[in-house]
Amino acid sequence: MYYITSPHLVLSLSLLLGRSLAGKPSPLSALLEMTEPSKVIHVRNVGHEISENDLLQLFQPFGVITKLVMLRAKNQALLQMQDVNSAISALQFYTNVQPTIRGRNVYVQFSSHQELTTMDQSTQGRGDEQPNRILLVTIHHMLYPITVDVLHQVFSPYGFVEKIVTFQKSAGFQALIQYQVRQSAVSARTSLQGRNIYDGCCQLDIQFSNLDELQVNYNNDRSRDFTNPNLPSEQKGRSSQSGYGDMGGMYDHQSSAAGAVPYPQMGNAAAIAAAFGGGLPPGISGTNDRCTVLVSNLNPDRVDEDKLFNLFSLYGNIVRIKLLRNKPDHALVQMGDGFQAELAVHFLKGAMLFGKRLEVNFSKHPNITQGADTHEYINSNLNRFNRNAAKNYRYCCSPTKILHISSLPQEIVEDEIVRHLEEHGPIINTKLFEMNGKKQAHVQFETEEEATEALVCKHATTLGGSIIRISFSQLQSIRESS
């Protein structure tokens, strides 16, 4: 049960009840005469971004709220006040003031229900939806990647979870969760609908699936059959990562199996919090759930998919990239999740590359459809965030003049590094050093654009028999690395 949070507001609103300030009948009078008042309020245009708490805050000033049912499939909600007068007060006020939640107008009216029943609550009010042991779960505002293990931890307290399958759809990141018995699914939905997995993000939107049985072929971070632990983790005959030494297939441009899906790949969901000390970089909201980025104002004569991969993979794992043939200076880049896409947009917007200032924005397309004109990177071993995710998030920054180069051969000398990179611009300074027994280097160019060009062209190239890795350094000068 939910209680009034602002009694003073209720008193001030009473001026609007039945009469306007001028003493004339209020605009709602005719409506009240035509519609039988009910303590149940019907709310329309309730988008997926609107939570139960948002609705509670909208109606709590008018009285005690006893029941709330979210009709997610219809973008609607039913809300029951303690008495009819409280509901009349709410509708009276919102006839004069347009109710808005998170920038979206919502519309309220009396419901034809005089009372919400227990069945209304247990099925979330959807007359066309039958309880089932399989749940369809959509994750909104996905700041942290969600894996099978995370979902199992959330849903297993309500009963034995047999199978979990995760996938990416236009609605966002989704999962199918199969319980052993139907009552477990009903309990889980009743308890978890609208709640967040982590504080302020990863909101659960749960519906009953109409499937009878889930088919799971592999036990990994994207799917799991808890009744059959002997399933393989990947398709036989195909490694999950391409080798660095395989220069012929460096970026693993192979079509993934039919039905393969993008990931959040980071196994440890706490890595982002660890990287940023529990906070987020200035300008990063952490609430974006759009994975695909539109890049425009490219130099079509010099850019290709691999060069874009080298740049965007600094901010997250890359699923696939598509150059738009009808717009040669445009490309779509699909990142591993919405948080990684937000990092790329934030840090690369306005960056200079090949004489052009990049425009980087979120795309209206939720993902890139796999086809002959797309390049696949989902299984590339060059994706940086499969391992040491927290460290890679910590190193995210806008392009700088100084590059950090790793995976160098032990016998390398500075002159070899300079000769490998100097075609992209004058090199001001270099420093070769050793960390944890491995040779690394810092190389400083005159401008950020020259350093960016060297990175996109020379990352993952061969130097002295080794495949080198290049990223931007946050150092202000080479001396800081001394």
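Nothing here was measured: the structure is a model prediction, and the numbers come from that model. Side chains are part of it too, since the values below use all heavy atoms of this structure and drop only hydrogens, waters and symmetry mates.
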Nearest heavy-atom pair of I139 and C202: which atoms, and what distance? CG2-CA, 3.7 Å
F354: which residues meet the ring pair (Phe, Tyr, Trp, His ring centres under 6.0 Å) condition with it, sequence neighbours left out? none
Considering non-hydrogen atoms only, spot the tightest contact between L298 and A331 and give its length. CD1-CB, 3.8 Å
Does atom CZ of R104 have more than 12 heavy-atom neighbours, drawn from other residues, nucleotides or ligands, at distances under 6.0 Å? yes
Euclidean distance, L135 CG relative to S184 OG, rounded to 0.5 Å: 9.5 Å
Any pair with a residue in residues 403-415 that passes side chain to side chain donor-acceptor pair (under 3.5 Å), sequence neighbours left out, goes on the list, sorted by first then second residue, please. H404-Q440, E414-T430
Could you list the residues that satisfy side-chain contact (heavy atoms from CB on, under 4.5 Å) with D373, not counting sequence neighbours? K322
Where the side chain of H459 meets the backbone of N310, is there a donor-acceptor pair that is under 3.5 Å apart? no
Ring centres under 6.0 angstrom apart (Y395, F472): no
Applying side chain to side chain donor-acceptor pair (under 3.5 Å), run through R44 and N75 and close with a yes or a no. CA-CA 6 Å; R44 294 178 291 114; N75 286 342; over 6 Å; no
Side-chain contact test, heavy atoms from C-beta onward, threshold under 4.5 Å: evaluate it for R290 versus P366 and give yes or no. no
Quick one: do the N220 and S233 side chains pair a donor with an acceptor below 3.5 Å? no
Where at least one partner belongs to residues 353-362, residue pairs that pass side chain to side chain donor-acceptor pair (under 3.5 Å), sequence neighbours excluded: K349-N361
With sequence neighbours excluded, residues passing side-chain contact (heavy atoms from CB on, under 4.5 Å) with A341: N288, V293, M335, F362
Test item: L176 and I164 side chains (from C-beta on) under 4.5 Å apart, heavy atoms: no
Rounded at 0.5 Å granularity, tell me how far CD1 in I412 sits from CG in L463. 4.0 Å
Could you give the distance from CD1 (I197) to CZ (F155), rounded to the nearest 0.5 Å? 7.0 Å
N297 side chain to L358 backbone, donor-acceptor under 3.5 Å: no
Less than 4.0 angstrom from a charged side-chain N to a carboxylate O is my criterion; do K163 and E213 meet it? yes
Are L432 and L408 side-chain neighbours, meaning at least one heavy-atom pair lies under 4.5 Å? yes
Applying side chain to side chain contact (heavy atoms under 4.5 Å, CB included), run through T452 and M352 and close with a yes or a no. CA-CA 8 Å; T452 303; M352 294 294 297; over 6 Å; no
So salt bridge (Lys or Arg N to Asp or Glu O under 4.0 Å) across residues 135-153, not counting sequence neighbours, yields D149-R224
Between S398 and F347 (side chain of the first, backbone of the second, donor and acceptor by atom type, cut-off under 3.5 Å), is there such a pair? yes
Is a side-chain donor-acceptor pair under 3.5 Å present for H152 with T147? no
T100 side chain vs N105 backbone, donor-acceptor pair below 3.5 Å: no
May I ask you to decide if C291's main-chain N or O and N367's side chain share a donor-acceptor pair within less than 3.5 Å? no
Residues N132 and L211: closest non-hydrogen pair is ND2-O, 2.8 Å
Taken in chain and number order and not counting sequence neighbours, the residues that satisfy side-chain contact (heavy atoms from CB on, under 4.5 Å) with Q180 are F160, E162
Which residue pairs pass the salt bridge (Lys or Arg N to Asp or Glu O under 4.0 Å) test when at least one of the two sits in residues 443-463, sequence neighbours left out? R302-E453, E423-K458
Any side-chain heavy atom of L382 within less than 4.5 Å of one from Y377? no
H365: partners by ring pair (Phe, Tyr, Trp, His ring centres under 6.0 Å), with sequence neighbours left out: none
Please check: side-chain N/O of S466 versus main-chain N/O of I468, any donor-acceptor pairing under 3.5 Å? no
Within the 4.5 Å heavy-atom criterion, are V333 and T292 side-chain neighbours or not? no
Check for a donor-acceptor pair, side chain of D329 on one end and backbone N or O of S296 on the other, with a separation under 3.5 Å. no
Which is it for H140 and F173 under the ring-ring contact (aromatic ring centres under 6.0 Å, His included) test, yes or no, and what are the steps along the way? CA-CA 8 Å; H140 300 299; F173 181 81; over 10 Å; no
So V165 and F167, do their side chains get closer than 4.5 Å, heavy atoms only? yes
Between the main-chain N or O of Q444 and the side-chain N or O of N429, is there a donor-acceptor pair closer than 3.5 Å? no
Is there a side chain to side chain contact (heavy atoms under 4.5 Å, CB included) between I146 and T166? Walk through the geometry before answering. CA-CA 9 Å; I146 302 299; T166 65; over 6 Å; no
What's the separation between atom CZ in R189 and atom CG in D205, rounded to the nearest 0.5 Å? 8.5 Å
Apply side-chain contact (heavy atoms from CB on, under 4.5 Å) to N196 and list each qualifying residue two or more places apart in sequence or on a separate chain. Q203
Decide yes or no for V106 and L58: does some side-chain heavy atom of the first lie under 4.5 Å from some side-chain heavy atom of the second? yes
If only atom types and distance count, is the side chain of N219 paired as donor or acceptor with the main-chain N or O of N228 below 3.5 Å? yes
Only counting residues at least two apart or in another chain, list the ones meeting ring pair (Phe, Tyr, Trp, His ring centres under 6.0 Å) with Y179. none
For L324 and L332, run side chain to side chain contact (heavy atoms under 4.5 Å, CB included): C-alpha distance rounded to whole Å, both residues' side-chain angles, the deciding distance at 0.1 Å, then the answer. CA-CA 7 Å; L324 304 186; L332 291 171; 4.1 Å; yes
Testing the 3.5 Å rule here: is there a donor-acceptor pair between the side chains of E376 and T374? yes
Please report the interatomic distance CZ(F309) to CG(L314), rounded to the nearest 0.5 Å. 9.5 Å
Dump the intermediate steps for ring-ring contact (aromatic ring centres under 6.0 Å, His included) on H346 and Y315, then the final yes or no. CA-CA 10 Å; H346 177 75; Y315 308 100; 9.5 Å; no
Please assess R320 against E305 for the test salt bridge (charged side-chain N to carboxylate O under 4.0 Å, His left out), listing each intermediate value before the final yes or no. CA-CA 9 Å; R320 61 181 58 94; E305 291 88 349; over 6 Å; no
Residues passing the ring pair (Phe, Tyr, Trp, His ring centres under 6.0 Å) test with Y94, sequence neighbours excluded, are F59, F62
Side chains of H330 and L294 in contact at under 4.5 Å (non-hydrogen atoms): yes
Atom NE2 in H375, atom CG in L308: separation rounded to 0.5 Å? 10.5 Å
Could you tell me whether the side chain of D225 and the main chain of T227 form a donor-acceptor pair under 3.5 Å? yes
